[in-house]
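Just below is one structure, and these are the notes that go with it.
Everything quoted here is computed from the prediction, not taken from an experiment. Protein chains get the first letters and strands the later ones, always in sequence-line order, with residue 1 at the start of each.
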Amino acid sequence: MSDLYESQRAMRNMRQAAMQRGVIAILDVGSSKIACLVLRFDGPGRVTGDDGVGSLAGQSAFRVIGAATTRSRGVRFGEIDAMQETERAVRTALQAAQKMAQVRVDHVIACFAGGNPRSYGLAGAIDIHDTVVSEHDVARVMASCDVPDFGEGREVLHAQPVNFALDHRSGLGDPRGQIGNSLACDMHLLTIDMGAVQNLLYCIKRCDMELAGIASSAYVSGVSSLVEDEQRLGAACVDMGGGATGLSIFIKKHMIYSDSVRLGGDHVTQDISKGLQIPMATAERIKTFYGGVVATGMDDREMIEIGGDTGDWEHDRRTVSRAELIGIMRPRVEEILEEVRACLDRAGFEHLPSQQIVLTGGASQIPGLDGLAPKVLGNQVRIGRPLRVQGLPQAATGAAFASAVGLCLFAAHPQDEWWDFEMPIERYPARSLRRAMRWFKDNW
Amino acid sequence: MQPVNPHDAARRDPAPSRLSYRVQRWWLTPNFRRMVRYGLPIASIALALLWVFSVEENRAVIEEQIAEIRRAVAERPEFMVKAMAVDGASEELGEDIREVLPVDFPISSFDLELQDMKAVVEQLDAVAQAELRIKAGGILQLEVTERMPAIVWRNRGTLELLDETGRRVAAITHRSQRRDLPLIVGEGADQAVPEALALFAAATPLEPRLRGLVRMGERRWDVALDRQQRILLPEQGAVQTLQQVMALDQAKDVLDRNIIDFDMRDPARPTLRLAAPAVEDLHRIRALEIGGSGQ
């Protein structure tokens, strides 16, 4: 546990150093595209807290000065499948973004959807020595959470305290300075496969960059696509990507559950390709131009040329009606939504006070999804687009960039994680110099 | 169709090579950029110059070139000086000036050092002040203010003309050449010319008898009159003392009497030295008075 703590703290320090230097890159490694944004941080921004607007949760502090997207190669289900290919794709995106920004970037914050994210709810409780809760007590209660055995080869990606309870009062956001006898804490732990992280790390190292932070793309999509009251009252964000569909549930502005379905837009394309006997690239084009999930009478008459280059006239002049295309797409989309429904049921989503579901990600742009989704997921479904941030090019404001934009917000205004608190003294190895330093600091 | 070039498939990948990626990142590094843009050109130019100048022949050639260009400009007719005009000097002084300024006309005005020439001309004793300038038309105009002789100084057998400050103006061979100027004599007399002039001014009533002033021991003046008469003046307040003597002379005609020295070295106690016949007369008169009273 201790070395994870160290590595996460190192990453956080690196991110702070990057913010001091003023530029940081955002890298969203997806199955269908790799997006890279370059952010410039220049102080607290023009909007100050005086007029009651606030600092917009850190959004006014940064500006997007470079953006680049490239077709993803070698990524499947949100995980790196072919290392060399992925490395080249990442390099393309990073180079183009740096070129646009006209600045050299050394630190990168990355997110990805794969790696089988798994959520754990942790609870811990301690007795407080001197009635007033100190930061040290907060660290201690977090350390007292009994970490489940999440298995070999898994790594903790997020460990966020979501709730504190002091004696019999629960739902405290910040217990520091309050008076009580026993402090309890609920923590949300997200683990992923270590291999996925290491592959990504290797790719970024090969691009002469340093990883200054890593996040789950389901989490950051939720950060950018859910509006504030949805985050507060409880909502689920479904990030429908190319190779994987991420799911994150928020309440009281904390993520409490995350899961992913290894199905996405690429599977829809695959179905079209197989069903119509056309190459993947054509299938992708037809899907984006003519795709849909609700067929109408008009769609029977709208014929789509699907082409081909075999030289056989009959084969190359094939057409298909839009209704047929919808007939291929709809079952797959329904399947994805049903899988999401199953995940939500597993998570106990129906017990939340608010049942809002927000669909985002590239695959959420299928026309007619807003009619289909309520049939599977329930009434309160909307299609979400990410927040607007300063300087973001028009081309990168779509739903497909939800996780990239969320990562910007994550960089500007990170949530407290377990490793942001001082490590409790019991965790230090005995007889270490730092333990002695801590003892001095605490007692004088 | 089969791809003609087997590398076509690879070329469709838009990814930059690792090298080009790194080069671009270097290029986006501000310091590297500055170095390439300014540092390298400056360094290469400096190196090239160093290399060129490190060879002796190159340096000689470049110096020659520079001299050639300078000469070409300086020798344009607009810059040439063809003659010298001397204003305000006597003919003799003009000759002297031309002698001490050996300028070969025509000469370029770039080669004339007017400050140095002015210093050389002003070193001449007869020149009080000189002004040099190059006039349009290539003429070196020299305006000279001559030093005016005020006094004749006889010292160790030479006769010299001095101006009112004591600066030497010229030498003369005979006193008769400048009989209009007063004469001073003696070692160090040139150091006290202003005082001497003041004494001459004070001695105007004695003008017909006045022969000159003698500097005694480089500290005080004697006024020499005809008939071997002398007025000995003190070091301090010589002019007042002389005026005193003049007043005494007017009242009592002291100087017309048979005395040799009128000693005023101590102004409070004037002393007279009588000539030998006068002394005898005095003795005789005294004896008569003593004899008469003794009887």
Side-chain angles (χ1 to χ4, degrees), chain A residues 18 21-25 27 29 33-36 38-40 65-66 68-75 80 82-108 202-210 279-281 308-311 316, chain B residues 1-66 68-70 73:
Chain A
R21 284 184 55 183
V23 283
I24 197 163
L27 190 68
V29 183
K33 61 145 183 38
I34 290 179
C36 178
V38 177
L39 306 187
R40 193 182 63 212
I65 55 169
T69 319
T70 183
R71 181 174 61 87
S72 180
R73 279 95 76 188
V75 183
I80 291 170
M83 194 86 96
Q84 307 294 326
E85 289 278 294
T86 313
E87 182 206 320
R88 288 145 70 91
V90 167
R91 207 191 296 149
T92 313
L94 282 175
Q95 189 190 33
Q98 287 182 66
K99 198 168 183 174
M100 179 174 165
Q102 280 296 307
V103 70
R104 178 187 158 152
V105 188
D106 290 323
H107 298 91
V108 61
Y202 177 79
C203 279
I204 287 167
K205 273 262 150 58
R206 290 271 295 172
C207 294
D208 305 333
M209 294 274 192
E210 281 188 277
M280 281 289 276
D309 51 1
T310 55
D316 291 355
Chain B
M1 205 180 91
Q2 194 81 13
V4 179
N5 189 342
H7 299 294
D8 257 8
R11 199 181 292 166
R12 285 184 53 183
D13 187 357
S17 69
R18 264 182 82 96
L19 183 69
S20 78
Y21 175 76
R22 284 211 173 136
V23 167
Q24 200 217 349
R25 270 171 67 80
W26 283 336
W27 188 240
L28 288 176
T29 311
N31 280 338
F32 179 83
R33 208 173 166 134
R34 227 169 289 150
M35 197 191 77
V36 171
R37 274 188 165 174
Y38 305 109
L40 274 186
I42 288 170
S44 55
I45 289 170
L47 266 182
L49 285 180
L50 211 68
W51 179 77
V52 165
F53 278 97
S54 64
V55 182
E56 182 73 32
E57 293 91 75
N58 289 347
R59 244 179 305 165
V61 166
I62 287 166
E63 270 167 28
E64 203 174 297
Q65 290 278 334
I66 289 170
E68 178 66 26
I69 291 166
R70 188 191 174 280
V73 174

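Atom OG1 of residue A:Thr310 and atom CG of residue A:Asp316 lie 3.5 Å apart, to the nearest 0.5 angstrom. For the atom pair CG of B:Leu40 and CZ of B:Arg34, the computed distance is 14.0 Å after rounding to the nearest 0.5 Å. With values rounded to the nearest 0.5 angstrom, A:Leu94 atom CG is found 10.0 Å from A:Asp208 atom CG. Between the CZ atom in A:Arg88 and the CZ atom in A:Arg206 there is a gap of 10.5 Å [rounded to 0.5 Å]. Interatomic distance, A:Arg40 CZ to A:Ile24 CD1, rounded to the nearest 0.5 Å: 14.5 Å. Rounding to the nearest 0.5 Å gives a distance of 5.5 Å between CG of A:Leu27 and SG of A:Cys36.
For a residue to count as touching a neighbouring chain, one of its non-hydrogen atoms must lie under 4.5 Å from one of that chain's; by this rule A:Val90 does not touch chain B.
For B:Arg33, there are no side chain to side chain donor-acceptor pair (under 3.5 Å) partners, not counting sequence neighbours.
Within residues 18-27 of chain B, the residues having any heavy atom closer than 4.5 Å to a heavy atom of chain A are B:Arg18, B:Ser20, B:Tyr21, B:Arg22, B:Gln24, B:Arg25, B:Trp26, listed by residue number.
Comparing A:Ala96, A:Ala89, A:Ala93, A:Cys207 by how many heavy-atom pairs each has under 4.5 Å with chain B, the most go to A:Cys207.
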